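Structure first, commentary second.
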Amino acid sequence: MENSKKLRTWLDDMGLEHPLVIAGPCSAETEEQVLKVAHELKDTDVSYYRAGIWKPRTRPGNFEGVGAIGLKWLQKVKEETGLKTATEVANRAHVQLALEHDVDLLWIGARSTVSPFIVQEIADALEGTDKVVLIKNPVNPDLPLWLGAVERLHTANIEKLGVIHRGFSTYEKTKYRNIPEWQLAIELQSRFPDLPLINDPSHITGKRDMIFDVSQTALDLNFDGLMIETHTDPDNAWSDAAQQVTPSRLVQIMEDLKIRKETDVELDYNTKMSTLRAQIDVIDNQLIETLGKRMKVSDTIGALKKERNVAVLQTNRWNAILGNMILEGESKGLSEEFVLRMFKAIHQESINHQEKIIKG
Ligand code: PEP
Ligand code: MN
């Protein structure tokens with residue numbers, strides 16, 4: 001797969017002057033809704049019209065999709081608007097029905113990518129197709145699992161491949177619905193530079209007012225496109241209501257996004273530089289987040305010390321931490337002086353916190 005330049009061709013052949021945009025409702029609900037949204041997206045930057053026909057729901061009893069009838073509505077979308085169509089497939093039967101109804105782009109959802117059995121079944125059913133196939137990351141942040149799915153499809157002679165970063169589920173409470181692991185997507189991109197990389201800010205954020213920011217980060221990190229859930233009446237959508245945007249909001253988002261184009265050497269340098277800077281920004285944010293977490297644990301220790309009437313400063317413990325960190329730092333190319341200075345600052349902040357707690 002390493003040398004397969006062909007992976008990019010389908011996207012390059014489209015000759016777009018902007019990132020690829022896939023948009024449309026989370027779910028096809030009624031024929032009227034499907035056509036209404038499509039007509040509003042017709043004269044925009046949208047290339048593929050998405051609508052979930054079969055919906056994988058975490059808990060039973062929620063709306064599970066309209067099923068095969070929705071494929072007829074997608075055919076009508078294509079006839080009436082010229083938009084190409086896209087839907088999620090999760091088993092052999094879905095693939096057969098989607099191909100029979102000439103869906104142009106099929107994607108594998110996060111809950112399917114986790115299962116090599118399902119991915120293989122889909123790959124076998126799609127063998128040799130010339131449709132575009134995109135693979136969402138698995139629910140859990142496991143790069144080999146994601147890559148394994150790509151390899152299964154590639155081995156099934158599907159050449160128009162790409163991946164979608166839709167974030168990862170975590171036990172921790174975060175501001176995201178599914179936390180973006182940008183590092184992981186960046187790693188995948190550097191290993192397979194020819195694999196188009198699409199971002200799905202809708203499922204990452206779960207909230208429509210965060211979609212712009214995540215989209216901008218994705219473009220800064222050189223993603224090739226965006227998949228954004230779009231509905232004419234988002235609040236009353238039958239699934240994922242909080243994260244869908246209206247067609248006019250989508251157009252506004254596309255207008256406001258800063259899009260970089262690679263055309264010459266100078267621009268190539270700028271592109272590389274802004275990708276690297278965006279990576280640094282992501283890491284810096286992680287550093288602050290990690291330091292915040294450390295301070296919370298330290299506060300809990302402070303409360304415990306107060307309860308037990310123990311002194312804030314425990315010299316032995318502190319020396320042991322420092323010794324370990326200096327060794328760890330060395331193995332990462334960080335000087336002893338730097339590690340010492342950094343940990344002294346962190347330690348001082350911890351002591352300040354704990355003293356406040358003990359006095360308070
Ligand atoms: C979707 O795109 O509507 C969907 C169900 O996505 P995911 O597989 O990312 O949860
Ligand atoms: Mn959805």
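In this text, all values refer to a predicted model and were calculated from it rather than measured experimentally. Residue numbers count from 1 along this sequence. Counting convention: from 1, in listed order, for ligands and their atoms alike.
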Under 3.5 Å: donor-acceptor pair, side chain of K42, backbone of E80: no
Atoms of ligand 1 close to K55 [distance to a heavy atom under 4.0 angstrom, numbered from 1]: 1 (C), 3 (O), 5 (C)
Stepwise salt bridge (charged side-chain N to carboxylate O under 4.0 Å, His left out) test for R341 and E337: CA-CA 6 Å; R341 259 198 291 146; E337 193 221 339; 3.4 Å; yes
Interfacing atoms of ligand 1 (cut-off 4.0 Å, heavy-atom, K136): 1 (C), 2 (O), 4 (C), 6 (O), 7 (P), 8 (O), 9 (O)
Any R50 heavy atom less than 4.0 Å to ligand 1: yes
Of H165, R166, E229, the residue whose pairing with H203 passes side chain to side chain donor-acceptor pair (under 3.5 Å): E229
Taking atom 4 (C) of ligand 1 as the reference point, the nearest protein heavy atom with its distance: H203 NE2, 3.5 Å
Where at least one partner belongs to residues 302-313, residue pairs that pass side-chain hydrogen bond (donor to acceptor under 3.5 Å, both in side chains), sequence neighbours excluded: K305-Q354
Nitrogen or oxygen of R166 less than 3.5 angstrom from that of ligand 1: yes
Side chain to side chain donor-acceptor pair (under 3.5 Å) evaluation trace for E328 with N324: CA-CA 6 Å; E328 279 291 324; N324 283 338; over 6 Å; no
G52 to ligand 1, any heavy atom closer than 4.0 Å: no
Distance-only N or O hit between ligand 1 and A110, under 3.5 Å: yes
Distance-only N or O hit between ligand 1 and D240, under 3.5 Å: no
Heavy-atom donor-acceptor pair, Q216 side chain to K258 backbone, under 3.5 Å: yes
Numbering as shown, the atoms of ligand 1 that approach C26 to under 4.0 Å (heavy-atom distance): 3 (O)
Reported CD1-to-CG distance for the pair I122 and L153, which is rounded to 0.5 angstrom: 8.0 Å
Under 3.5 Å: N/O of E88 near N/O of ligand 1: no
P141: side-chain contact (heavy atoms from CB on, under 4.5 Å) partners, not counting sequence neighbours: F168, E181, L184
G329 to V339 - nearest heavy-atom pair and separation: CA-CG2, 4.1 Å
From CA spacing to verdict: side-chain contact (heavy atoms from CB on, under 4.5 Å), R249, F212: CA-CA 10 Å; R249 177 66 193 140; F212 176 79; 3.9 Å; yes
Interfacing atoms of ligand 1 (cut-off 4.0 Å, heavy-atom, G109): 8 (O)
Check: K136 main-chain N/O paired with T113 side-chain donor or acceptor under 3.5 Å: yes
Residue portion contacting ligand 1 (non-hydrogen atoms closer than 4.0 Å) for M227: neither
Atom indices of ligand 1, in the order listed, that fall short of 4.0 Å to a heavy atom of R111: 7 (P), 8 (O), 10 (O)
Pair listing, side-chain hydrogen bond (donor to acceptor under 3.5 Å, both in side chains) test, anchored in residues 115-133, at least two apart: D102-K131, Q120-D124, Q120-R152, E127-N157
Protein N/O/S atoms closer than 2.8 Å to the Mn ion (ligand 2): C26 SG, H203 NE2, E229 OE2, D240 OD2
